[in-house]
Amino acid sequence: MKKSKLMLLIVLSLCCCLAFPKTSIAAQAKAKTVKTTKKSKKKKKKETDITPKEPSSSDLKVIHEVTKPASKRWVQSYTMDSKYYYYIQMTSVHTGNLRVTRVKYKGFGRYLKDYMTLRRFGHATNLDCSISNGRTWLWTGSDCKKGSDVSQAITGFRYKKYTTLTGHGPVQYQIPMGTDGKYATNVYPAINQDSTRMAVRYTYKGMQYYQIYNLVDGLYINPDTPVRQFCLWPTTGDFQGFDIYKSTIYTIEGSPRNSFLKTYDSSRRYQPTVIRAYHYNTGVYNSMVVHGAKKLTFREPEGIKVLPGRKIYIMYVSNKLTDQSCNIYRLKKKI
């Protein structure tokens, strides 16, 4: 009897162990670790890292999503060649010190970047490029005086990452305003797509003047002999850049959102984004108000480029100074 009872107890114990297996503390800890690892995911992009999609009713199509150059600098303009985009920023107010960020896009929302520094150049109102002997030259205003960001000349230079230029690049031109010996100030260049024409814009007594030059080898003009000279109306909104396409000057103007303007100047009114086209051989003038990028924060237009086929590309800056981003769009319409 004792042996039978003993065997019965052993069988019952084995059944209990199989039905309710014991788990060690170490095994429990290991199980928890595995569970946590499975749940871990990549961080989602913030809203400020994404360019909102455009509805079908928009005038714009997104070309490049948010691109972030250096923070705490004002993005002013951009240009592109067949390989890179170039963005130019003011590093501080009234110094003329600038940063050019070069970006190579690797896919939608993905890119590589580096930069170079420009000292005592100007406000960076316009940035463009020419091709000379297969090499890209960047052009902008230059030679501002100490304590000012008003450019006194225009300049061309090769991009060299992590280097610094002071005053101007190896090619530099002062632009005469007439026959009185005075030179233009607040002066900036734009270049057509085949690097054969340069348009130079400057302001004088509240008006904006344009001089058109033949561009030789993508580098050389004769500042004293423009092929055309004309004056255009002042923009109603903030002037934000220009380009030349064949015999047409394109300009872009507009302010940031009204909510931002009120934070630093309550007297200023919101101005919509307006693109103007002036055909200087015929005198014909067209304009349009751009409707789009409505969900973009800050939303200040900064720069316009016109590519073959009159395809118009514009940049909107989003976010505030501490974290400004560039968003590139193509205009669906032609002007």
Side-chain angles (χ1 to χ4, degrees), residues 63 76-88 100 124-142 151 153-159 169 171-173 175 184 187-202 208-232 239-253 275-288 301-315 328-331 333-335:
I63 299 299
Q76 296 296 313
S77 187
Y78 81 103
T79 190
M80 78 282 268
D81 58 20
S82 60
K83 191 174 182 180
Y84 297 101
Y85 274 67
Y86 304 85
Y87 300 95
I88 193 165
V100 177
T125 299
N126 216 56
L127 178 70
D128 216 334
C129 64
S130 66
I131 305 298
S132 177
N133 278 333
R135 296 180 175 182
T136 298
W137 286 71
L138 296 179
W139 293 84
T140 191
S142 64
S151 56
I154 61 172
T155 191
F157 57 95
R158 293 290 313 284
Y159 180 91
V171 180
Q172 180 246 35
Y173 299 105
I175 305 299
V187 56
Y188 285 91
I191 295 164
N192 67 353
Q193 283 296 302
D194 61 6
S195 300
T196 59
R197 283 282 173 105
M198 176 185 285
V200 175
R201 175 192 181 268
Y202 64 89
Q208 53 178 314
Y209 295 83
Y210 291 84
Q211 297 186 172
I212 310 300
Y213 293 94
N214 289 322
L215 185 62
V216 179
D217 296 331
L219 288 180
Y220 307 109
I221 65 170
N222 185 340
D224 297 318
T225 58
V227 296
R228 290 296 300 270
Q229 294 174 292
F230 50 91
C231 177
L232 294 183
F239 183 86
Q240 304 289 12
F242 73 109
D243 201 7
I244 178 173
Y245 181 83
K246 294 185 177 180
S247 58
T248 306
I249 293 292
Y250 286 86
T251 64
I252 187 168
E253 63 194 84
I275 295 175
R276 303 180 190 271
Y278 177 72
H279 308 275
Y280 58 79
N281 281 341
T282 62
V284 174
Y285 148 75
N286 306 98
S287 69
M288 71 169 289
E302 295 284 5
I304 181 170
K305 297 299 162 201
V306 187
L307 275 59
R310 292 192 187 270
K311 294 177 181 177
I312 299 173
Y313 290 74
I314 66 174
M315 175 174 66
I328 304 294
Y329 298 85
R330 180 171 60 81
L331 199 67
K333 303 176 183 178
K334 293 182 181 179
I335 305 177

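Throughout, numbering of the chain's residues begins at 1 and tracks the sequence.
A donor-acceptor pair shorter than 3.5 Å cannot be found between the side chains of Asp128 and Asn126.
With sequence neighbours left out, the ring pair (Phe, Tyr, Trp, His ring centres under 6.0 Å) criterion links Tyr329 to Tyr316. Shown here are the side-chain contact (heavy atoms from CB on, under 4.5 Å) partners of Ser82, two or more places apart in sequence or in another chain: there are none. By the ring pair (Phe, Tyr, Trp, His ring centres under 6.0 Å) test, Tyr202 pairs with Tyr209, sequence neighbours left out. For the ring pair (Phe, Tyr, Trp, His ring centres under 6.0 Å) test, no residue two or more places apart in sequence or in another chain qualifies with Tyr245. For Tyr285, the ring pair (Phe, Tyr, Trp, His ring centres under 6.0 Å) criterion is met by Trp233, not counting sequence neighbours.
In this structure, Tyr278 has its ring center at least 6.0 angstrom away from the ring center of Tyr250. Ring pair Tyr210/Phe242: centre-to-centre distance below 6.0 Å.
Looking only at distances, a side-chain donor or acceptor of Thr155 sits under 3.5 Å from a matching main-chain atom of Gly169. A distance-only check finds a donor-acceptor pair linking the side chain of Lys334 to the backbone of Gly309 [under 3.5 Å].
One distance of note links CZ of Arg158 with CG of Leu138; it measures 9.0 Å at 0.5 Å rounding.
Annotation: salt bridge (charged side-chain N to carboxylate O under 4.0 Å, His left out) contacts involving residues 275-287, sequence neighbours excluded, comprise Glu253-Arg276.
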